[in-house]
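First up is the structure itself, then whatever we jot down about it.
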Protein chains: 2
Amino acid sequence: MVTLEQKYCALLGVAQEKGQADLSKMKACFEVLALASAIDRACARRLAPYQLSEGKFIVLFLLQQMPQGGAPNELAERAGVTRGTITGLLDGLERDGYISRQQDATDRRRLIVRLSPQGEEVAAKLGEEHSRWIGSLFEGFSEEDFKVLSPLLNRVWKTLEEDDVI
Amino acid sequence: MVTLEQKYCALLGVAQEKGQADLSKMKACFEVLALASAIDRACARRLAPYQLSEGKFIVLFLLQQMPQGGAPNELAERAGVTRGTITGLLDGLERDGYISRQQDATDRRRLIVRLSPQGEEVAAKLGEEHSRWIGSLFEGFSEEDFKVLSPLLNRVWKTLEEDDVI
DNA sequence: GACATATAATTTGGCGCCTTATAATTTGAT
DNA sequence: ATCAAATTATAAGGCGCCAAATTATATGTC
């Protein structure tokens, strides 16, 4: 089996010349990236039979929790993509009959996006399936493990946010 | 500031109904994904001025460690992308003068990809810069922290690999 | 009431990546 | 020696995503 470390060993040559500290940091970074990309791919494979990408799935998931519908910009923000992207995702979802777009009566710039009955059904089924799958990935993790993992990841996230502002 | 948890809180509604254990698992999963995607975006922004994507950068980086050049399929495997993808990345790198493709004398199916002088230069400069940046993301992490983080990430990775085989 | 400004959604153009199909070449079994 | 199978690289088509530009509508100010 290829470990995460092995997968990126080629990229670590440079760090090795710089001492243990940098090596550990680069390794950790690649581990996070490689794991996320593995999760993404597995996820994409799971969703492909439904013509859904991860982005579309998240939109369905979000809409499920907005029974009275939601605006594209709101969906974009919650899903973490741009408004331009959300337009494309909604196009696909509409084409496949999962959602409908409806003009807002009071502000004609606005749209209201709603799940179709079919969308409801798929969202419910996949939501259930998906959360079970995610659960299985972290099977065997204790609450203690999460208490350790979460703050570490969040520390990097925070650094990154500060970084970006500059 | 938006924390990783907040970012995905909307997605956690379902998990909340299923108890603490599942909630922690989904949270952790989203934290990994969100962090990786934040790193990817920041990385893309850093590389954009050089007309480089993360994929292209990794190819440059790999080539730097193959002084006698490398084959596309080898690069694809080490970079973790498909051969089809590597062709596109090499196209871009060749167009921008960072690499050259050369036919292998003994097997005419094969190519040898090499860095151009310009490619060497950029690879060296960016490699240095990039590893310093990654280091800065994990600034303040102790060796102890990595000893905890790494096995946790690798456990999920392992589960995922087993998953895929099935 | 007119005009600048803000906001909503979309369009456009681009890149990365994937999957599937194709073409060229080599290898291996018979 | 021949022909099927494997391997190499590429092409084609598609989706997701982004940034920047565009269009339509609303709002606030003078």
Side-chain angles (χ1 to χ4, degrees), chain A residues 33-34 36-38 40-60 69-77 79-96 98-113 164, chain B residues 33-34 36-60 69-77 79-96 98-113:
Chain A
L33 292 176
S37 119
D40 278 339
R41 279 183 217 196
C43 183
R45 264 195 303 276
R46 296 176 64 85
L47 294 173
Y50 301 90
Q51 322 293 339
L52 291 174
S53 63
E54 206 173 340
K56 284 187 198 168
F57 168 69
I58 289 180
V59 171
L60 286 191
N73 61 347
E74 196 182 352
L75 292 169
E77 199 196 335
V81 299
T82 64
R83 284 179 220 177
T85 298
I86 215 74
T87 298
L89 297 179
L90 293 178
D91 284 348
L93 289 171
E94 193 173 32
R95 170 176 36 76
D96 296 341
Y98 290 135
I99 61 145
S100 69
R101 287 192 251 215
Q102 192 189 336
Q103 281 232 339
D104 183 294
T106 71
D107 184 338
R108 297 206 325 243
R109 291 170 307 181
R110 286 181 138 89
L111 290 183
I112 303 170
V113 181
D164 272 354
Chain B
L33 292 177
S37 121
I39 293 176
D40 278 339
R41 280 183 217 195
C43 182
R45 265 196 301 279
R46 296 176 64 86
L47 294 174
Y50 301 88
Q51 321 295 338
L52 290 175
S53 65
E54 210 174 337
K56 285 186 197 167
F57 168 68
I58 289 179
V59 171
L60 286 191
N73 60 346
E74 196 180 353
L75 292 169
E77 197 195 338
V81 298
T82 64
R83 284 180 219 174
T85 298
I86 215 76
T87 298
L89 297 178
L90 294 178
D91 284 347
L93 289 171
E94 192 172 33
R95 172 176 35 78
D96 296 341
Y98 290 134
I99 61 145
S100 69
R101 286 191 250 215
Q102 193 188 337
Q103 281 231 338
D104 183 293
T106 70
D107 184 339
R108 291 194 342 233
R109 292 170 307 180
R110 284 181 139 88
L111 291 183
I112 302 169
V113 181

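The figures that follow rest on heavy atoms only: side chains count, while hydrogens, waters and symmetry mates do not. The sequence lines fix the lettering, A, B, ..., with proteins before strands; numbering per chain opens at 1.
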By salt bridge (charged side-chain N to carboxylate O under 4.0 Å, His left out) - contacts of B:Arg101 (at least two apart)
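B:Arg101: salt bridge (charged side-chain N to carboxylate O under 4.0 Å, His left out) contacts with B:Asp91, B:Glu94.
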Look at the side chain of B:Arg109 against the base of C:dT25 and say whether a donor-acceptor pair falls under 3.5 Å; ignore hydrogens and angles.
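Such a pair is found, so the answer is yes.
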Using a cut-off of strictly less than 4.0 Å, decide whether A:Arg101 has a side-chain nitrogen or oxygen near OP1 or OP2 of C:dT10.
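True: A:Arg101 side-chain N/O within range (under 4.0 Å) of C:dT10 OP1/OP2.
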Please list each protein N or O that sits under 3.5 Å from an N or O in nucleotides 1-5 of chain D, with the distance.
none

Rounded to the nearest angstrom, tell me the gap between atom [atom1] in [X] and atom [atom2] in [N].
X: B:Leu111; N: D:dT7; atom1: CG; atom2: C1'; result: 13 Å
X: A:Gln102; N: C:dA9; atom1: CD; atom2: P; result: 13 Å
X: A:Arg45; N: C:dT20; atom1: CZ; atom2: P; result: 12 Å
X: B:Asn73; N: D:dA6; atom1: CG; atom2: P; result: 17 Å
X: A:Gln103; N: D:dA26; atom1: CD; atom2: C1'; result: 14 Å
X: A:Ile58; N: D:dC17; atom1: CD1; atom2: C1'; result: 13 Å
X: A:Leu90; N: C:dT10; atom1: CG; atom2: P; result: 7 Å
X: B:Leu75; N: D:dT8; atom1: CG; atom2: P; result: 13 Å

Please compare A:Arg108 and B:Thr87 by the position of their nearest nucleotide in DNA chain D and report the one closer to 5'.
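Residue closer to the 5' terminus by nearest nucleotide: B:Thr87.
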Taking atom CZ of A:Arg45 and atom CG of A:Asp40, what is their separation to the nearest 0.5 Å?
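One gets 11.0 Å once the value is rounded to the nearest 0.5 Å.
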CG on B:Leu60 to CD1 on B:Ile99, rounded to 0.5 Å:
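Answer rounded to 0.5 Å: 8.5 Å.
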Might you list the N or O atoms of the protein lying below 3.5 Å from N or O atoms in nucleotides 16-18 of chain C, with each pair's distance?
residue, atom, partner, partner atom, Å
C:dG16, OP1, B:Ser53, OG, 3.2
C:dG16, OP1, B:Lys56, NZ, 3.2
C:dC18, OP2, B:Thr82, N, 3.1
C:dC18, OP2, B:Thr82, OG1, 3.2
C:dC18, OP2, B:Thr85, OG1, 2.4

Does anything in residues 49-60 of chain A pair up under side chain to side chain donor-acceptor pair (under 3.5 Å), and if so which pairs, sequence neighbours excluded?
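Sorted result for residues 49-60 of chain A: A:Tyr50-A:Lys125.
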Residues in ring pair (Phe, Tyr, Trp, His ring centres under 6.0 Å) with A:Phe57, at least two apart?
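Counting only residues at least two positions away or on another chain, A:Phe57 forms a ring pair (Phe, Tyr, Trp, His ring centres under 6.0 Å) with A:Phe61, A:His130.
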Under the side chain to side chain contact (heavy atoms under 4.5 Å, CB included) rule, what do B:Leu111 and B:Gln102 come out as? Steps first, then yes or no, please.
CA-CA 5 Å; B:Leu111 291 183; B:Gln102 193 188 337; over 6 Å; no
Verdict with reasoning, B:Tyr98 to B:Val59, per side chain to side chain contact (heavy atoms under 4.5 Å, CB included):
CA-CA 10 Å; B:Tyr98 290 134; B:Val59 171; over 6 Å; no
By side chain to side chain donor-acceptor pair (under 3.5 Å) - contacts of A:Asp96 (at least two apart)
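If we apply the side chain to side chain donor-acceptor pair (under 3.5 Å) test to A:Asp96, skipping adjacent residues, there are no hits.
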How about B:Thr87 and B:Pro72: do any of their side-chain heavy atoms sit closer than 4.5 Å?
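The answer is no, as the side chains (C-beta and beyond) never meet within the 4.5 Å cut-off.
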